[in-house]
*Asks:* 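What follows is a structure written as structure tokens; I'll ask about it next.
Below, chain A is the first sequence line, B the second, and so on; all start at residue 1.
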Amino acid sequence: MAIQAPRGTRDFYPAEMARLNRIFDAWRRVSLRAGFEEIEGPAFETLELYTAKSGQEIVNELFTVSGRGESGEGDARYALRPELTPSLARMINQRARSLRMPVKWFSIPRMWRGERPQKGRLREFFQWNIDVVGAEERVADAEVIGVAVDVLRELGLGPADVVVKISSRPLLASLLADLGIPDGDLETLYGVIDKRRKVDLEKFRAMLAEKLPGNDALVASIFEMTGCTDLDALPSQGERSEAEKADLLGLFRLLGEMGLSDWCGFDLGVVRGLAYYTGPVFEVFDRAATMRAVAGGGRYDNLLEVLGGPKIPAVGFGMGDVVLADLLQEKGLLADATVGVDYFLIDADEKLFGRLLKLARELRARGVSATYSYRRSSVSKQFKQAAAANARRVIVLGDELAQGRVAVKDLAAGVQATIPLSSLLDNPSQPVTQ
RNA sequence: GUGAGUGUAGCUCAGCUGGUUAGAGCACCAGGUUGUGGUCCUGGGAGUCGGGGGUUCGAAUCCCCUCACUCACCCCA
């Protein structure tokens, strides 16, 4: 084979596509029943949409696109979208004055990132995005978390398999401020705190000590604080941290009322790399914590303004297909799916092929799927093809047709009956009984 | 960008310290079976052993380089 697929991409043959569609169906079904509407944007955007928010460095992580070749636009002016949020923000901002808030939108975009692929992380993937824009109430945060959980449940996972770890950016910031950490040091500390769940605890302690040399008491405080899983017991000292704690407790209360307590937990170690989060943040992990995050998101009340629009509060998350499929596979919840076909039509005599073609159209017009062999061959051979095509039923057109009847066989049950063609067409889904 | 592992048929892989013409299972095609599939039996097509160079009488096997994939680090929207 001379040419292979680009690094980090996947080919979806029918079996893989059927599995992917099971995930897509769950995403779409759950979104719609929670009252979200589907949107889509362009697969590529102007480069500045991404550099405006993240600076020039992000260009290295993007697949950039030049303009039309013949127009001499040599420089990269566009980028394949690496995330949806900037496009969403752009769409909101363009119609901010006419959209009825809150906006509840979801999307299932294909995305591209110029990274070295590894487990759970490819260069091309799909990511379900769900956002509530224009609602500052905590119930909106609870709602999006609830929708994420709903999908996981829909796909067969339970609280024993996955956990939503929830924290809050401003809470962490105010707690660190309580401890006397200057604002300028917060960013580097976030980076270390984010590592807590990835490295062993002593390594984590050492990393903290490295950032805060000669301040063992402070290291001990942060170490203890970030390991606390009981939000109530968190030792908050200042007015600001008390308020942030109360705010997050409010979110947990709402989640409890939604019946999601088993699925959710407090974890100050959830930091998220992105700087634009302004409130609660969360990530979904497998309980064993051996995989990358299945989903992640949070509140971003300033982002739309940063991207040149009015200040509108928003909360949302993304869930990628790659880690989710890995997890479902591991739990045995991604059994092979075959699509198959309702009817496979067979002619016992080449002279009946014309009638077969007509019957196929009649069946298809009635909403059932029907196919047949393109090559006239023995009944036996056509049956083999029917089995290979995963047909549920076979219709044999033969001598009975003179009496207006056909043989219908249920391949799985092995049951066959000869029935009037008119009856079949009246009710193509009727069971085959002997 | 750094490091490790793996590349043999469409797929999953076997092939011992170098030794005839490179194998198996699955898949595919044909036949057994011109009104009945799955199972079974028989036969068949299939491979620059990732690529290039080297060592050797002889290389899938040993050495060097290179490419690709996988995993980990970095980063993670």
*Asks:* What is the distance, rounded to the nearest whole Å, between atom CG of A:Leu62 and atom C1' of B:rC75?
*Replies:* 13 Å
*Asks:* Measure the distance from OH on A:Tyr13 to P on B:rC28 and round it to the nearest whole Å.
*Replies:* 15 Å
*Asks:* Do side-chain atoms of A:Arg169 reach the backbone of A:Val271 as a donor and acceptor pair under 3.5 angstrom?
*Replies:* yes
*Asks:* Could you note down all residue pairs passing salt bridge (Lys or Arg N to Asp or Glu O under 4.0 Å) where residues 385-410 of chain A supplies at least one of them, sequence neighbours left out?
*Replies:* A:Asp342-A:Arg392
*Asks:* Mind checking if A:Arg292 touches a base, just sugar-phosphate, or nothing, with heavy atoms under 4.0 Å?
*Replies:* base
*Asks:* I'd like to know if A:Arg376 reaches the base of B:rU34 with its side chain, counting only an N/O donor and acceptor under 3.5 Å.
*Replies:* no
*Asks:* Could you tell me which nucleotide pairs with B:rG5 by Watson-Crick or G-U wobble geometry, both distances under 3.5 Å, or answer none if nothing does?
*Replies:* B:rC69
*Asks:* Rounded to the nearest Å, what distance is computed from the CD atom of residue A:Gln385 to the C1' atom of nucleotide B:rC28?
*Replies:* 13 Å
*Asks:* Give every residue pair that meets the ring-ring contact (aromatic ring centres under 6.0 Å, His included) criterion with at least one member in residues 394-434 of chain A, sequence neighbours excluded.
*Replies:* none
*Asks:* Categorize A:Gly296 for me: base, sugar-phosphate, or nothing, with a 4.0 angstrom heavy-atom threshold over every strand shown.
*Replies:* nothing
*Asks:* How many whole angstroms separate atom CE of A:Met319 from atom C1' of B:rA77?
*Replies:* 16 Å
*Asks:* Round to the nearest Å and state the distance from A:Ile395 atom CD1 to B:rG37 atom P.
*Replies:* 18 Å
*Asks:* In whole angstrom, give the distance that lies between atom CZ of A:Arg121 and atom P of B:rC75.
*Replies:* 10 Å
*Asks:* Rounded to whole angstrom, note down the P distance from B:rG1 over to B:rA9.
*Replies:* 29 Å
*Asks:* Is A:Glu350 touching bases, backbone alone, or none of the nucleic acid, heavy atoms closer than 4.0 Å?
*Replies:* nothing
*Asks:* Donor-acceptor pair under 3.5 Å: do we get one between A:Lys384's side chain and the base of B:rG38?
*Replies:* no
*Asks:* Looking across every strand, which nucleic acid part, if any, lies under 4.0 Å from A:Ala407 by heavy atom: base, sugar-phosphate, or nothing?
*Replies:* base
*Asks:* Checking side-chain polar atoms at under 3.5 Å, does A:Glu38 have a donor or acceptor matched by the opposite partner on A:Ser31?
*Replies:* no
*Asks:* Using Watson-Crick or G-U wobble geometry with both distances under 3.5 Å, which nucleotide pairs with B:rU61?
*Replies:* none
*Asks:* Which whole number of Å gives the distance between the P atom of B:rG23 and that of B:rG47?
*Replies:* 13 Å
*Asks:* Quote, to the nearest angstrom, the C1' distance that separates B:rU70 from B:rG53.
*Replies:* 27 Å
*Asks:* Any base atoms under 4.0 Å from A:Glu61, or only sugar-phosphate, or nothing? Heavy atoms, all strands.
*Replies:* base
*Asks:* Could you point out which residue of A:Arg299, A:Arg240, A:Arg138 forms a salt bridge (charged side-chain N to carboxylate O under 4.0 Å, His left out) with A:Asp247?
*Replies:* A:Arg138
*Asks:* Just name whichever nucleotide pairs with B:rU39, Watson-Crick or G-U, keeping both distances under 3.5 Å, else none.
*Replies:* none
*Asks:* Could you give the distance separating B:rU12 and B:rU33 at their P atoms, to the nearest angstrom?
*Replies:* 37 Å
*Asks:* Write down the distance separating the C1' atoms in B:rC13 and B:rU8, rounded off to the nearest Å.
*Replies:* 9 Å
*Asks:* Could you please name the partner base of B:rG10, counting Watson-Crick and G-U wobble pairs only when both distances are under 3.5 Å?
*Replies:* B:rC26
*Asks:* Rounded to whole angstroms, how far apart are CG on A:Leu122 and C1' on B:rC76?
*Replies:* 13 Å
*Asks:* In Å, rounded to the nearest 0.5 Å, how long is the span from CD1 of A:Ile39 to CD1 of A:Ile108?
*Replies:* 11.5 Å
*Asks:* For A:Gln416, which contact category applies under a 4.0 Å heavy-atom criterion: base, sugar-phosphate, or nothing?
*Replies:* base
*Asks:* How would you label the contact of A:Asp349 with the nucleic acid (heavy atoms, under 4.0 Å): base, sugar-phosphate, or nothing?
*Replies:* nothing
*Asks:* Take atom C1' in B:rA59 and the same atom in B:rU17, then report the distance between them in whole Å.
*Replies:* 14 Å
*Asks:* What integer distance in Å separates A:Glu115:CD from B:rU70:P?
*Replies:* 14 Å
